[in-house]
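These numbers come from a predicted model, not from an experiment. The first residue in the sequence is number 1, and the count goes up from there. Computation of the quantities below employed the complete heavy-atom set of this structure, encompassing side-chain atoms and omitting hydrogens, waters and symmetry-equivalent molecules.
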Amino acid sequence: MSDSISRPPDPVKDPIQDLARRLAAGDRRALARAITLVESTRPDHRAEAVALLAALPPRQALRIGLSGTPGVGKSTFIESFGLMLTGQGLRVAVLAVDPSSARSGGSILGDKTRMERLSRDPRAFIRPSPSRAELGGVARRTRETVRLAEAAGFDVVLIETVGVGQSETLVAEMSDLFVLLLAPAGGDELQGVKRGIMEMADLILVNKADGELRPTALRTVADYAGALRLLRKRPQDPEGFPKALPVSAVEGGGLDAAWAEMQALDRWRRDNGRFDRRRAEQAERWFRAEVRAGLLARLDREPAAGSLDRLGTEVAAGRTDPVAAAAEMLRLLE
């Protein structure tokens with residue numbers, strides 16, 4: 001008989017709890033795996049994602065939304081800005097929502113190739129996510145991905161959008177600060193910027209303020225600063241905000257000043273209760289968005305989906321009015 005004492009095998013670890021533990025410890029592979037999980041559309045993966053999010057520690061990072069016109073240099077700015085932050089000892093996560101391939105559904109641009117230096121920084125994490133034709137170019141699970149990055153201990157989360165449709169509104173609703181990046185231009189460009197976007201922006205950064213474009217950039221900053229003064233005062237801002245500043249993503253000029261302004265605005269909002277109020281409103285909007293999305297998904301799975309297809313065919317053929325068909329569909333669900 002062996003002298004060794006037989007021991008029962010260790011209980012199998014809960015894989016979701018183990019993933020949450022490794023994620024909270026800052027394991028980058030665990031973070032990547034968790035993001036893949038929450039982006040999955042499989043019902044079993046969705047159940048695991050819900051359990052994972054519930055098991056995460058309540059950590060907070062500074063969420064900075066970034067949008068801008070095509071060709072303004074968002075990727076170059078994010079790389080330079082991110083490297084400046086990591087150089088100060090901060091951990092930075094970049095969640096860049098790429099346009100999706102209509103054929104494969106995958107990301108087209110691939111931000112890791114556009115931010116090569118930042119992607120090699122051990123204090124940075126870049127995750128391009130396909131928008132999959134979601135409204136406004138913001139991926140369906142971006143909110144959850146932000147939550148995962150916070151739980152992993154990142155200090156700053158940058159959310160870049162594709163800059164189409166309603167992306168500015170959506171990213172502003174899930175960020176603590178919303179930054180609009182623009183290129184140097186004259187008065188015609190100022191006239192073309194939507195008033196609503198300017199009203200949402202906390203900071204307007206005019207990029208490419210270097211070389212021959214620097215004088216133009218400074219004039220553009222003055223134009224936007226004047227336009228911002230004409231807007232109605234927002235209760236969530238201290239005196240002097242929102243404001244416009246010049247930056248150079250290539251040379252790094254103005255990045256320190258922009259970061260100082262972001263920190264000042266964030267401190268003021270935290271000290272005055274605006275930060276907590278905004279986070280509470282974001283959580284409620286997230287809840288309502290999930291309920292709406294869940295109801296639509298259930299509608300496609302329920303037996304009434306047959307009626308949905310039938311009525312849709314009748315509407316497409318012109319035999320039924322869309323409003324009347326919708327009213328009938330809703331009656332069937334009562």
Heavy-atom donor-acceptor pair, [X] side chain to [Y] backbone, under 3.5 Å:
| X | Y | result |
| --- | --- | --- |
| Arg269 | Gln236 | yes |
| Asp202 | Val179 | no |
| Arg234 | Phe241 | no |

For the hydrophobic clusters of this structure (ILVMFWY residues joined by side-chain heavy atoms under 4.5 Å, transitively), does one cluster hold both [X] and [Y]?
| X | Y | value |
| --- | --- | --- |
| Val221 | Leu231 | yes |
| Ile64 | Phe275 | no |
| Ile35 | Leu56 | yes |
| Met84 | Val94 | yes |

Starting at [atom1] of [X], measure out to [atom2] of [Y] and round the result to the nearest 0.5 Å.
| X | Y | atom1 | atom2 | value |
| --- | --- | --- | --- | --- |
| Leu95 | Thr161 | CG | OG1 | 12.0 Å |
| Asp155 | Thr86 | CG | OG1 | 11.0 Å |
| Lys208 | Leu181 | NZ | CG | 9.0 Å |
| Ile78 | Leu85 | CD1 | CG | 11.5 Å |
| Arg288 | Arg292 | CZ | CZ | 8.0 Å |
| Arg123 | Leu83 | CZ | CG | 13.0 Å |

With sequence neighbours excluded, give me every side-chain hydrogen bond (donor to acceptor under 3.5 Å, both in side chains) pair touching residues 241-259. Gln88-Trp259, Asp210-Ser248, Lys243-Glu261, Trp259-Gln263
Pair Arg42-Glu48, salt bridge (charged side-chain N to carboxylate O under 4.0 Å, His left out): steps then yes or no: CA-CA 10 Å; Arg42 281 176 41 177; Glu48 292 176 351; over 6 Å; no
Taking atom [atom1] of [X] as the centre, does the number of heavy atoms from other residues, nucleotides or ligands within less than 6.0 Å exceed 12?
| X | atom1 | value |
| --- | --- | --- |
| Arg278 | CZ | yes |
| Arg214 | CZ | no |
| Arg319 | CZ | yes |

Listed by chain and number, what are the ring pair (Phe, Tyr, Trp, His ring centres under 6.0 Å) partners of Phe77, not counting sequence neighbours? Phe81
Side chain to side chain donor-acceptor pair (under 3.5 Å) between Thr36 and Arg127, intermediate numbers included: CA-CA 10 Å; Thr36 299; Arg127 178 73 177 210; 3.1 Å; yes
Would you check if [X] and [Y] make a side-chain contact, meaning some heavy-atom pair closer than 4.5 Å?
| X | Y | result |
| --- | --- | --- |
| Arg63 | Glu150 | yes |
| Met174 | Trp286 | no |
| Glu160 | Ser75 | yes |
| Lys233 | Glu239 | yes |
| Thr142 | Val171 | no |
| Leu158 | Leu66 | no |

State which residues pass side chain to side chain donor-acceptor pair (under 3.5 Å) with Thr76; sequence neighbours excluded, sorted by chain then number. none
Return the set of residues passing salt bridge (Lys or Arg N to Asp or Glu O under 4.0 Å) with [X] (not counting sequence neighbours), or none when no residue passes.
| X | result |
| --- | --- |
| Arg120 | Glu116 |
| Asp27 | Arg22 |
| Asp266 | Arg270 |

Which atom pair, heavy atoms only, marks the closest approach of [X] to [Y]?
| X | Y | answer |
| --- | --- | --- |
| Pro238 | Leu265 | CD-CD1, 3.3 Å |
| Ala244 | Tyr224 | CB-CB, 4.0 Å |
| Met262 | Leu205 | CE-CD1, 4.4 Å |
| Phe154 | Ala124 | CE2-C, 4.4 Å |
| Arg91 | Gly26 | NH2-O, 4.0 Å |
| Val157 | Ala61 | CG2-CB, 3.9 Å |

Candidate pair Trp268 and Arg274, rule side chain to side chain contact (heavy atoms under 4.5 Å, CB included), full reasoning: CA-CA 8 Å; Trp268 187 89; Arg274 295 287 176 181; 4.1 Å; yes
Report the C-alpha separation of Glu173 and Met200 in whole Å, then their side-chain angles, then the decisive distance to 0.1 Å, and conclude whether the side chain to side chain contact (heavy atoms under 4.5 Å, CB included) test is met. CA-CA 10 Å; Glu173 288 180 351; Met200 288 185 294; over 6 Å; no
Apply salt bridge (charged side-chain N to carboxylate O under 4.0 Å, His left out) to the pair Asp18 and Arg21, showing each step before the final yes or no. CA-CA 5 Å; Asp18 182 58; Arg21 178 188 59 78; 2.6 Å; yes
Please identify which of these residues, Ile204, Asn207, Leu182, Val206, meets the side-chain contact (heavy atoms from CB on, under 4.5 Å) condition with Thr220. Val206
Take Leu37 and Ile16 through the test side chain to side chain contact (heavy atoms under 4.5 Å, CB included) and record every step on the way to the result. CA-CA 10 Å; Leu37 179 65; Ile16 297 302; 4.2 Å; yes
Salt bridge Arg277-Glu281, side-chain N to carboxylate O under 4.0 Å: no
Go through the steps to decide whether Leu332 and Leu308 satisfy the test side chain to side chain contact (heavy atoms under 4.5 Å, CB included), and finish with yes or no. CA-CA 10 Å; Leu332 292 173; Leu308 185 67; over 6 Å; no
